[in-house]
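Before any comments, here is the structure.
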There are 2 protein chains.
Amino acid sequence: MIEKPKEKQRQRAPSQRSLATRERILDAAEQLFSEHGFDGASIRDIASKAGVQGALVNHHGGSKEDLFFTVVARRAGVLAEHRLAALEARKTEDEADLRGILSAFIGPFLELTTHSGPQWRAYGRLIAHVSADERWRPISEVCFDPTAQVFTSELSRVLPGASPRQIGAGFVFMVSAILSLSTSTWRIGDLSGSADTDDLMQTLLDYCEAGFRAIGSPG
Amino acid sequence: MIEKPKEKQRQRAPSQRSLATRERILDAAEQLFSEHGFDGASIRDIASKAGVQGALVNHHGGSKEDLFFTVVARRAGVLAEHRLAALEARKTEDEADLRGILSAFIGPFLELTTHSGPQWRAYGRLIAHVSADERWRPISEVCFDPTAQVFTSELSRVLPGASPRQIGAGFVFMVSAILSLSTSTWRIGDLSGSADTDDLMQTLLDYCEAGFRAIGSPG
DNA sequence: GTCTATAATGAGATAGAC
DNA sequence: GTCTATCTCATTATAGAC
(Lines give C-alpha, C1' and ligand atoms only; values in the text may rest on other atoms or scores of the structure.)
Protein backbone atom coordinates (compact mmCIF):
# COMPACT_ATOMS: atom_id res chain seq x y z
CA MET A 1 0.00 0.00 0.00
CA ILE A 2 0.92 3.65 0.14
CA GLU A 3 1.84 3.87 3.78
CA LYS A 4 5.24 5.52 3.73
CA PRO A 5 8.05 6.60 1.45
CA LYS A 6 9.75 3.63 3.11
CA GLU A 7 13.39 4.57 2.89
CA LYS A 8 15.12 1.26 3.48
CA GLN A 9 18.59 1.43 4.86
CA ARG A 10 20.87 0.43 2.06
CA GLN A 11 24.10 -1.44 2.54
CA ARG A 12 25.94 0.82 0.15
CA ALA A 13 25.25 3.50 -2.38
CA PRO A 14 23.68 2.28 -5.65
CA SER A 15 25.84 2.36 -8.72
CA GLN A 16 25.49 4.99 -11.42
CA ARG A 17 24.10 2.45 -13.82
CA SER A 18 21.55 1.38 -11.28
CA LEU A 19 20.44 4.95 -10.78
CA ALA A 20 20.18 5.49 -14.52
CA THR A 21 18.04 2.38 -14.88
CA ARG A 22 15.85 3.51 -12.05
CA GLU A 23 15.36 6.87 -13.71
CA ARG A 24 14.46 5.22 -17.02
CA ILE A 25 11.88 3.10 -15.23
CA LEU A 26 10.39 6.08 -13.42
CA ASP A 27 10.28 8.08 -16.65
CA ALA A 28 8.50 5.28 -18.47
CA ALA A 29 6.07 4.82 -15.60
CA GLU A 30 5.41 8.55 -15.53
CA GLN A 31 4.50 8.60 -19.18
CA LEU A 32 2.32 5.50 -19.19
CA PHE A 33 0.55 6.28 -15.93
CA SER A 34 -0.17 9.77 -17.22
CA GLU A 35 -1.56 8.47 -20.51
CA HIS A 36 -3.56 5.47 -19.35
CA GLY A 37 -4.01 5.92 -15.62
CA PHE A 38 -2.96 3.54 -12.88
CA ASP A 39 -5.10 0.58 -13.96
CA GLY A 40 -4.61 1.16 -17.66
CA ALA A 41 -0.83 1.02 -17.56
CA SER A 42 0.78 -2.36 -16.96
CA ILE A 43 4.12 -3.17 -15.42
CA ARG A 44 4.96 -4.99 -18.63
CA ASP A 45 4.34 -1.93 -20.75
CA ILE A 46 6.42 0.17 -18.39
CA ALA A 47 9.29 -2.31 -18.50
CA SER A 48 9.09 -2.48 -22.27
CA LYS A 49 9.14 1.30 -22.63
CA ALA A 50 12.07 1.54 -20.24
CA GLY A 51 13.94 -1.18 -22.14
CA VAL A 52 14.33 -3.48 -19.16
CA GLN A 53 12.91 -6.77 -17.93
CA GLY A 54 9.69 -6.78 -15.97
CA ALA A 55 11.31 -7.98 -12.79
CA LEU A 56 13.49 -4.89 -12.66
CA VAL A 57 10.47 -2.67 -12.35
CA ASN A 58 9.43 -4.42 -9.18
CA HIS A 59 13.01 -4.43 -7.96
CA HIS A 60 13.41 -0.66 -8.29
CA GLY A 61 9.85 0.46 -7.73
CA GLY A 62 8.42 -2.12 -5.35
CA SER A 63 4.76 -2.89 -5.82
CA LYS A 64 2.79 -1.12 -8.51
CA GLU A 65 1.21 1.21 -5.98
CA ASP A 66 4.60 2.02 -4.47
CA LEU A 67 5.87 2.79 -7.95
CA PHE A 68 2.97 5.14 -8.60
CA PHE A 69 3.60 6.94 -5.33
CA THR A 70 7.29 7.24 -6.11
CA VAL A 71 6.61 8.72 -9.54
CA VAL A 72 4.17 11.29 -8.21
CA ALA A 73 6.40 12.26 -5.30
CA ARG A 74 9.52 12.55 -7.42
CA ARG A 75 8.65 15.95 -8.92
CA ALA A 76 6.23 17.17 -6.26
CA GLY A 77 8.99 18.77 -4.23
CA VAL A 78 10.35 20.72 -7.18
CA LEU A 79 6.90 21.97 -8.10
CA ALA A 80 6.18 23.03 -4.52
CA GLU A 81 9.51 24.85 -4.26
CA HIS A 82 8.88 26.79 -7.46
CA ARG A 83 5.42 27.81 -6.27
CA LEU A 84 6.52 28.85 -2.79
CA ALA A 85 9.53 30.71 -4.15
CA ALA A 86 7.28 32.59 -6.57
CA LEU A 87 4.98 33.46 -3.71
CA GLU A 88 7.85 34.73 -1.55
CA ALA A 89 9.16 36.80 -4.43
CA ARG A 90 5.77 38.47 -4.80
CA LYS A 91 5.61 39.15 -1.11
CA THR A 92 8.99 40.83 -0.90
CA GLU A 93 8.02 43.03 -3.82
CA ASP A 94 4.66 43.91 -2.32
CA GLU A 95 2.86 42.23 -5.19
CA ALA A 96 1.14 39.59 -3.12
CA ASP A 97 -2.27 40.80 -4.13
CA LEU A 98 -4.89 38.43 -5.55
CA ARG A 99 -3.39 38.25 -9.01
CA GLY A 100 0.10 37.89 -7.61
CA ILE A 101 -0.95 34.93 -5.47
CA LEU A 102 -2.72 33.24 -8.35
CA SER A 103 0.25 33.84 -10.64
CA ALA A 104 2.57 32.26 -8.12
CA PHE A 105 0.39 29.15 -8.03
CA ILE A 106 -0.44 28.85 -11.71
CA GLY A 107 2.71 30.19 -13.34
CA PRO A 108 5.25 27.61 -12.14
CA PHE A 109 2.92 24.74 -12.98
CA LEU A 110 2.30 25.90 -16.54
CA GLU A 111 5.93 26.87 -17.01
CA LEU A 112 7.10 23.40 -15.99
CA THR A 113 4.39 21.38 -17.74
CA THR A 114 4.57 23.22 -21.05
CA HIS A 115 8.16 24.41 -21.39
CA SER A 116 10.27 21.84 -19.55
CA GLY A 117 10.10 18.76 -21.72
CA PRO A 118 7.87 15.74 -22.22
CA GLN A 119 8.41 14.29 -18.74
CA TRP A 120 7.07 17.37 -17.02
CA ARG A 121 4.25 17.51 -19.53
CA ALA A 122 3.37 13.94 -18.59
CA TYR A 123 3.62 14.89 -14.94
CA GLY A 124 0.90 17.48 -15.42
CA ARG A 125 -1.49 14.84 -16.71
CA LEU A 126 -0.40 12.55 -13.91
CA ILE A 127 -1.42 15.09 -11.28
CA ALA A 128 -4.82 15.28 -12.93
CA HIS A 129 -5.25 11.54 -12.34
CA VAL A 130 -4.17 11.89 -8.71
CA SER A 131 -6.53 14.77 -8.18
CA ALA A 132 -9.56 13.11 -9.78
CA ASP A 133 -9.36 9.75 -8.02
CA GLU A 134 -10.18 9.69 -4.34
CA ARG A 135 -8.13 6.52 -4.12
CA TRP A 136 -4.98 8.65 -4.24
CA ARG A 137 -6.03 11.01 -1.51
CA PRO A 138 -3.14 9.90 0.74
CA ILE A 139 -0.72 10.90 -2.00
CA SER A 140 -2.39 14.27 -2.38
CA GLU A 141 -2.19 14.89 1.33
CA VAL A 142 1.52 14.29 1.38
CA CYS A 143 2.52 15.88 -1.91
CA PHE A 144 0.16 18.77 -2.54
CA ASP A 145 -1.90 19.69 0.49
CA PRO A 146 0.89 21.55 2.34
CA THR A 147 1.36 23.93 -0.57
CA ALA A 148 -2.39 24.25 -1.02
CA GLN A 149 -2.79 25.32 2.59
CA VAL A 150 -0.21 28.05 2.22
CA PHE A 151 -2.00 29.46 -0.80
CA THR A 152 -5.51 29.21 0.63
CA SER A 153 -4.26 31.10 3.68
CA GLU A 154 -2.94 33.83 1.43
CA LEU A 155 -6.20 33.93 -0.48
CA SER A 156 -8.15 34.28 2.75
CA ARG A 157 -5.93 37.20 3.68
CA VAL A 158 -6.59 39.17 0.49
CA LEU A 159 -10.26 38.13 0.35
CA PRO A 160 -11.49 38.73 3.88
CA GLY A 161 -15.10 38.74 2.69
CA ALA A 162 -15.02 35.09 1.62
CA SER A 163 -15.70 32.20 3.99
CA PRO A 164 -13.17 29.35 4.25
CA ARG A 165 -15.69 27.19 2.42
CA GLN A 166 -15.91 29.68 -0.43
CA ILE A 167 -12.14 29.95 -0.59
CA GLY A 168 -11.94 26.17 -0.71
CA ALA A 169 -14.51 25.98 -3.49
CA GLY A 170 -12.75 28.64 -5.51
CA PHE A 171 -9.46 26.86 -5.03
CA VAL A 172 -10.91 23.59 -6.29
CA PHE A 173 -12.39 25.36 -9.31
CA MET A 174 -9.02 26.91 -10.05
CA VAL A 175 -7.10 23.64 -9.69
CA SER A 176 -9.54 21.81 -11.95
CA ALA A 177 -9.23 24.55 -14.55
CA ILE A 178 -5.43 24.39 -14.39
CA LEU A 179 -5.41 20.63 -14.77
CA SER A 180 -7.86 20.82 -17.66
CA LEU A 181 -5.06 22.48 -19.61
CA SER A 182 -3.03 19.29 -19.21
CA THR A 183 -5.83 16.90 -20.05
CA SER A 184 -8.25 18.69 -22.36
CA THR A 185 -6.04 20.78 -24.58
CA TRP A 186 -7.50 18.94 -27.54
CA ARG A 187 -10.82 20.50 -26.68
CA ILE A 188 -9.45 24.01 -27.02
CA GLY A 189 -7.04 23.39 -29.85
CA ASP A 190 -3.42 22.51 -30.44
CA LEU A 191 -0.86 24.24 -28.29
CA SER A 192 2.26 24.00 -30.32
CA GLY A 193 3.78 27.45 -30.03
CA SER A 194 4.77 29.09 -26.78
CA ALA A 195 2.72 32.15 -27.68
CA ASP A 196 -0.44 30.09 -27.56
CA THR A 197 0.24 28.69 -24.12
CA ASP A 198 1.18 32.09 -22.73
CA ASP A 199 -2.03 33.40 -24.20
CA LEU A 200 -3.97 30.63 -22.54
CA MET A 201 -2.26 31.30 -19.23
CA GLN A 202 -3.40 34.93 -19.38
CA THR A 203 -6.95 33.78 -20.13
CA LEU A 204 -6.81 31.35 -17.21
CA LEU A 205 -5.45 34.02 -14.88
CA ASP A 206 -8.11 36.50 -15.93
CA TYR A 207 -10.78 33.86 -15.45
CA CYS A 208 -9.68 32.78 -11.99
CA GLU A 209 -8.91 36.25 -10.71
CA ALA A 210 -12.36 37.51 -11.67
CA GLY A 211 -13.94 34.38 -10.24
CA PHE A 212 -12.25 34.81 -6.89
CA ARG A 213 -13.15 38.48 -6.79
CA ALA A 214 -16.79 37.61 -7.38
CA ILE A 215 -16.64 35.11 -4.52
CA GLY A 216 -14.87 37.50 -2.21
CA SER A 217 -17.08 40.53 -2.67
CA PRO A 218 -20.53 40.70 -1.12
CA GLY A 219 -23.34 39.48 -3.35
CA MET B 1 -14.93 -0.79 -30.34
CA ILE B 2 -17.16 2.21 -29.99
CA GLU B 3 -18.21 2.57 -33.62
CA LYS B 4 -21.95 2.87 -33.38
CA PRO B 5 -24.90 2.49 -31.05
CA LYS B 6 -25.44 -0.64 -33.15
CA GLU B 7 -29.19 -1.13 -32.98
CA LYS B 8 -29.58 -4.75 -33.95
CA GLN B 9 -32.89 -5.74 -35.41
CA ARG B 10 -34.63 -7.86 -32.83
CA GLN B 11 -36.92 -10.74 -33.62
CA ARG B 12 -39.44 -9.62 -31.04
CA ALA B 13 -39.68 -7.24 -28.14
CA PRO B 14 -37.70 -8.22 -25.02
CA SER B 15 -39.65 -9.40 -22.01
CA GLN B 16 -40.25 -7.22 -18.99
CA ARG B 17 -37.97 -9.35 -16.90
CA SER B 18 -35.26 -9.06 -19.49
CA LEU B 19 -35.55 -5.30 -19.48
CA ALA B 20 -35.41 -5.21 -15.69
CA THR B 21 -32.26 -7.33 -15.71
CA ARG B 22 -30.73 -5.09 -18.29
CA GLU B 23 -31.44 -2.03 -16.16
CA ARG B 24 -29.91 -3.67 -13.11
CA ILE B 25 -26.78 -4.42 -15.09
CA LEU B 26 -26.55 -0.89 -16.43
CA ASP B 27 -27.10 0.55 -12.96
CA ALA B 28 -24.37 -1.63 -11.50
CA ALA B 29 -22.02 -0.74 -14.34
CA GLU B 30 -22.79 2.94 -13.88
CA GLN B 31 -21.88 2.84 -10.23
CA LEU B 32 -18.70 0.80 -10.60
CA PHE B 33 -17.44 2.63 -13.68
CA SER B 34 -18.03 5.92 -11.91
CA GLU B 35 -16.18 4.81 -8.79
CA HIS B 36 -13.23 2.95 -10.28
CA GLY B 37 -13.07 4.02 -13.90
CA PHE B 38 -13.25 1.82 -16.96
CA ASP B 39 -10.13 -0.23 -16.26
CA GLY B 40 -10.70 -0.40 -12.52
CA ALA B 41 -14.17 -1.94 -12.76
CA SER B 42 -14.40 -5.55 -13.87
CA ILE B 43 -17.23 -7.33 -15.62
CA ARG B 44 -17.25 -9.78 -12.74
CA ASP B 45 -17.74 -7.05 -10.15
CA ILE B 46 -20.52 -5.55 -12.24
CA ALA B 47 -22.27 -8.90 -12.53
CA SER B 48 -21.91 -9.50 -8.83
CA LYS B 49 -23.34 -6.09 -7.94
CA ALA B 50 -26.23 -6.63 -10.34
CA GLY B 51 -26.90 -10.07 -8.87
CA VAL B 52 -26.54 -11.90 -12.18
CA GLN B 53 -24.06 -14.24 -13.80
CA GLY B 54 -21.12 -12.83 -15.66
CA ALA B 55 -22.28 -14.09 -19.01
CA LEU B 56 -25.43 -12.00 -18.77
CA VAL B 57 -23.42 -8.80 -18.69
CA ASN B 58 -21.90 -9.61 -22.07
CA HIS B 59 -25.26 -10.75 -23.35
CA HIS B 60 -27.00 -7.48 -22.52
CA GLY B 61 -24.12 -5.06 -22.80
CA GLY B 62 -21.93 -6.59 -25.50
CA SER B 63 -18.22 -6.00 -25.05
CA LYS B 64 -16.97 -4.02 -22.09
CA GLU B 65 -16.43 -0.94 -24.24
CA ASP B 66 -19.91 -1.26 -25.70
CA LEU B 67 -21.30 -1.49 -22.20
CA PHE B 68 -19.45 1.65 -21.17
CA PHE B 69 -20.79 3.51 -24.17
CA THR B 70 -24.32 2.31 -23.45
CA VAL B 71 -24.13 3.46 -19.84
CA VAL B 72 -22.85 6.91 -20.76
CA ALA B 73 -25.36 7.37 -23.56
CA ARG B 74 -28.32 6.18 -21.48
CA ARG B 75 -28.74 9.43 -19.56
CA ALA B 76 -27.01 11.80 -21.96
CA GLY B 77 -30.22 12.53 -23.85
CA VAL B 78 -32.14 13.41 -20.70
CA LEU B 79 -29.38 15.72 -19.53
CA ALA B 80 -29.20 17.42 -22.92
CA GLU B 81 -32.96 17.91 -23.02
CA HIS B 82 -33.01 19.51 -19.60
CA ARG B 83 -30.23 21.86 -20.55
CA LEU B 84 -31.70 22.88 -23.89
CA ALA B 85 -35.16 23.29 -22.37
CA ALA B 86 -33.73 25.53 -19.67
CA LEU B 87 -31.98 27.56 -22.34
CA GLU B 88 -35.16 27.95 -24.39
CA ALA B 89 -37.07 28.99 -21.29
CA ARG B 90 -34.54 31.73 -20.62
CA LYS B 91 -34.72 32.90 -24.20
CA THR B 92 -38.51 33.22 -24.28
CA GLU B 93 -38.34 35.24 -21.08
CA ASP B 94 -35.57 37.49 -22.37
CA GLU B 95 -33.23 36.23 -19.69
CA ALA B 96 -30.72 34.71 -22.05
CA ASP B 97 -27.96 36.96 -20.79
CA LEU B 98 -24.62 35.57 -19.64
CA ARG B 99 -25.85 34.40 -16.26
CA GLY B 100 -28.99 32.94 -17.78
CA ILE B 101 -26.99 30.88 -20.24
CA LEU B 102 -24.63 29.61 -17.58
CA SER B 103 -27.56 28.77 -15.30
CA ALA B 104 -29.21 26.79 -18.08
CA PHE B 105 -26.02 24.76 -18.50
CA ILE B 106 -25.03 24.30 -14.88
CA GLY B 107 -28.41 24.15 -13.16
CA PRO B 108 -29.85 20.99 -14.74
CA PHE B 109 -26.61 19.11 -14.22
CA LEU B 110 -26.36 19.93 -10.53
CA GLU B 111 -30.07 19.40 -10.03
CA LEU B 112 -29.89 15.93 -11.52
CA THR B 113 -26.59 14.85 -9.99
CA THR B 114 -27.35 16.02 -6.47
CA HIS B 115 -31.13 15.73 -6.04
CA SER B 116 -32.15 12.82 -8.27
CA GLY B 117 -30.78 9.78 -6.50
CA PRO B 118 -27.59 7.76 -6.36
CA GLN B 119 -27.64 6.69 -10.01
CA TRP B 120 -27.59 10.24 -11.27
CA ARG B 121 -24.96 11.09 -8.69
CA ALA B 122 -22.85 8.26 -10.08
CA TYR B 123 -23.52 9.53 -13.59
CA GLY B 124 -21.95 12.85 -12.69
CA ARG B 125 -18.73 11.15 -11.71
CA LEU B 126 -18.95 9.02 -14.82
CA ILE B 127 -19.02 12.07 -17.07
CA ALA B 128 -15.89 13.29 -15.31
CA HIS B 129 -14.13 10.09 -16.39
CA VAL B 130 -15.35 10.50 -19.97
CA SER B 131 -14.23 14.10 -20.06
CA ALA B 132 -10.77 13.49 -18.61
CA ASP B 133 -9.76 10.56 -20.79
CA GLU B 134 -9.03 11.29 -24.41
CA ARG B 135 -9.78 7.65 -25.10
CA TRP B 136 -13.51 8.41 -24.81
CA ARG B 137 -13.45 11.32 -27.18
CA PRO B 138 -15.79 9.54 -29.62
CA ILE B 139 -18.34 9.19 -26.85
CA SER B 140 -18.04 12.86 -25.97
CA GLU B 141 -18.54 13.85 -29.57
CA VAL B 142 -21.78 11.92 -29.80
CA CYS B 143 -23.21 12.57 -26.34
CA PHE B 144 -22.07 16.02 -25.27
CA ASP B 145 -20.58 18.02 -28.12
CA PRO B 146 -23.90 18.94 -29.77
CA THR B 147 -25.16 20.57 -26.60
CA ALA B 148 -21.78 22.19 -26.01
CA GLN B 149 -21.90 23.79 -29.45
CA VAL B 150 -25.30 25.29 -28.78
CA PHE B 151 -24.10 26.87 -25.57
CA THR B 152 -20.79 28.12 -26.94
CA SER B 153 -22.71 29.80 -29.74
CA GLU B 154 -24.90 31.52 -27.19
CA LEU B 155 -21.86 32.58 -25.20
CA SER B 156 -20.25 34.04 -28.31
CA ARG B 157 -23.43 36.03 -28.91
CA VAL B 158 -23.45 37.67 -25.48
CA LEU B 159 -19.66 38.04 -25.36
CA PRO B 160 -18.82 39.49 -28.77
CA GLY B 161 -15.44 40.72 -27.51
CA ALA B 162 -14.16 37.19 -26.92
CA SER B 163 -12.51 35.09 -29.62
CA PRO B 164 -13.80 31.56 -30.31
CA ARG B 165 -10.64 30.25 -28.72
CA GLN B 166 -11.27 32.25 -25.57
CA ILE B 167 -14.87 31.10 -25.45
CA GLY B 168 -13.65 27.55 -25.84
CA ALA B 169 -11.13 27.96 -23.05
CA GLY B 170 -13.69 29.49 -20.74
CA PHE B 171 -16.10 26.70 -21.53
CA VAL B 172 -13.51 24.05 -20.68
CA PHE B 173 -12.71 25.84 -17.42
CA MET B 174 -16.41 25.92 -16.57
CA VAL B 175 -16.99 22.26 -17.39
CA SER B 176 -13.98 21.19 -15.33
CA ALA B 177 -15.22 23.26 -12.40
CA ILE B 178 -18.69 21.71 -12.67
CA LEU B 179 -17.30 18.20 -12.79
CA SER B 180 -15.03 18.92 -9.84
CA LEU B 181 -18.18 19.14 -7.76
CA SER B 182 -18.89 15.51 -8.62
CA THR B 183 -15.38 14.24 -8.01
CA SER B 184 -13.75 16.48 -5.42
CA THR B 185 -16.51 17.32 -3.01
CA TRP B 186 -14.42 15.76 -0.27
CA ARG B 187 -11.92 18.54 -0.83
CA ILE B 188 -14.50 21.23 -0.12
CA GLY B 189 -16.44 19.40 2.54
CA ASP B 190 -19.45 17.18 2.92
CA LEU B 191 -22.54 18.10 0.98
CA SER B 192 -25.30 16.50 2.93
CA GLY B 193 -27.97 19.16 3.01
CA SER B 194 -29.60 20.68 -0.04
CA ALA B 195 -28.85 24.14 1.30
CA ASP B 196 -25.17 23.44 1.02
CA THR B 197 -25.32 22.31 -2.58
CA ASP B 198 -27.49 25.28 -3.57
CA ASP B 199 -24.96 27.49 -1.85
CA LEU B 200 -22.17 25.87 -3.80
CA MET B 201 -24.09 26.29 -7.04
CA GLN B 202 -24.35 30.01 -6.41
CA THR B 203 -20.62 30.17 -5.73
CA LEU B 204 -19.93 28.26 -8.93
CA LEU B 205 -22.22 30.52 -10.93
CA ASP B 206 -20.64 33.66 -9.50
CA TYR B 207 -17.21 32.27 -10.25
CA CYS B 208 -17.91 31.31 -13.86
CA GLU B 209 -19.94 34.40 -14.69
CA ALA B 210 -17.19 36.69 -13.48
CA GLY B 211 -14.60 34.60 -15.25
CA PHE B 212 -16.41 34.80 -18.59
CA ARG B 213 -16.93 38.53 -18.20
CA ALA B 214 -13.20 38.99 -17.62
CA ILE B 215 -12.49 37.01 -20.78
CA GLY B 216 -15.06 38.85 -22.82
CA SER B 217 -14.12 42.39 -21.93
CA PRO B 218 -11.04 44.03 -23.41
CA GLY B 219 -7.83 44.37 -21.38
C1' DG C 1 21.74 -5.46 -10.43
C1' DT C 2 20.06 -7.96 -13.98
C1' DC C 3 18.19 -11.72 -16.20
C1' DT C 4 15.02 -16.14 -17.26
C1' DA C 5 11.32 -18.66 -15.89
C1' DT C 6 7.25 -19.28 -13.68
C1' DA C 7 3.88 -19.05 -10.15
C1' DA C 8 -0.73 -17.42 -8.94
C1' DT C 9 -4.40 -14.90 -9.93
C1' DG C 10 -7.88 -12.44 -12.40
C1' DA C 11 -9.42 -10.63 -16.60
C1' DG C 12 -12.98 -10.61 -20.88
C1' DA C 13 -15.47 -13.41 -23.65
C1' DT C 14 -17.99 -17.59 -25.47
C1' DA C 15 -20.21 -22.41 -26.12
C1' DG C 16 -23.88 -24.91 -25.21
C1' DA C 17 -27.40 -26.89 -22.04
C1' DC C 18 -31.84 -25.60 -20.17
C1' DG D 1 -32.99 -15.12 -21.30
C1' DT D 2 -30.37 -17.35 -18.09
C1' DC D 3 -27.01 -20.35 -16.26
C1' DT D 4 -22.70 -23.48 -15.83
C1' DA D 5 -18.45 -24.33 -17.36
C1' DT D 6 -14.54 -23.17 -19.66
C1' DC D 7 -11.23 -21.02 -22.97
C1' DT D 8 -7.63 -17.84 -23.68
C1' DC D 9 -5.03 -14.34 -22.45
C1' DA D 10 -2.77 -10.73 -19.56
C1' DT D 11 -1.78 -9.34 -15.17
C1' DT D 12 1.43 -8.67 -10.79
C1' DA D 13 4.87 -10.57 -8.35
C1' DT D 14 8.59 -13.66 -6.99
C1' DA D 15 12.35 -17.41 -7.04
C1' DG D 16 16.69 -18.34 -8.27
C1' DA D 17 20.70 -18.47 -11.60
C1' DC D 18 24.47 -15.42 -13.01
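Computed from heavy atoms alone, side chains included, the values below leave out hydrogens, waters and symmetry copies. Order of the sequence lines sets the chain letters (A, B, ...), proteins ahead of strands, with each chain counted from 1.
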Quick one: [X] [atom1] to [N] [atom2], roughly how many Å, whole number?
X	N	atom1	atom2	result
A/Ile25	C/dG1	CD1	P	11 Å
A/Arg44	C/dT4	CZ	P	13 Å
A/Gln16	C/dG1	CD	P	13 Å
A/Phe68	D/dT12	CZ	C1'	17 Å
B/Ile46	C/dG10	CD1	P	17 Å

Quick one: which of [options] gets closest to the side chain of [X]?
X	options	result
B/Ala55	D/dC3, C/dG12, C/dG1	D/dC3
B/His59	D/dT2, C/dA13, D/dT14	D/dT2
B/Ile43	C/dG1, D/dT2, C/dG12	C/dG12
A/Lys64	D/dT2, D/dA13, D/dC3	D/dA13
A/Ser42	D/dC3, D/dT12, C/dG1	D/dT12
B/Ser63	C/dG1, D/dC3, C/dA13	C/dA13

Pairing of A/Arg74 and A/Asp27 as salt bridge, 4.0 angstrom limit:
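Looking at A/Arg74 and A/Asp27, the cut-off is met.
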Closest-nucleotide 5' rank along DNA chain D - winner of A/Ala41 and B/His60:
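Here B/His60 is the residue nearer the 5' end.
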For C/dG1 and A/Ser15 - does any side-chain N or O of the residue sit under 4.0 Å from the phosphate oxygens OP1/OP2?
no
With a cut-off of less than 4.0 Å, is there a side-chain N or O of B/Arg22 near OP1 or OP2 of D/dG1?
no
Before we go on, tell me: are the rings of B/Phe171 and B/Phe151 under 6.0 Å apart, centre to centre?
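No - the distance between ring centres of B/Phe171 and B/Phe151 does not fall below the 6.0 Å cut-off.
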For the pair B/Ser48 (side chain) and B/Arg44 (backbone), establish whether a donor and an acceptor sit closer than 3.5 Å, ignoring hydrogens and angles.
no
Taking atom SG of A/Cys208 and atom CZ of A/Phe173, what is their separation to the nearest 0.5 Å?
11.0 Å
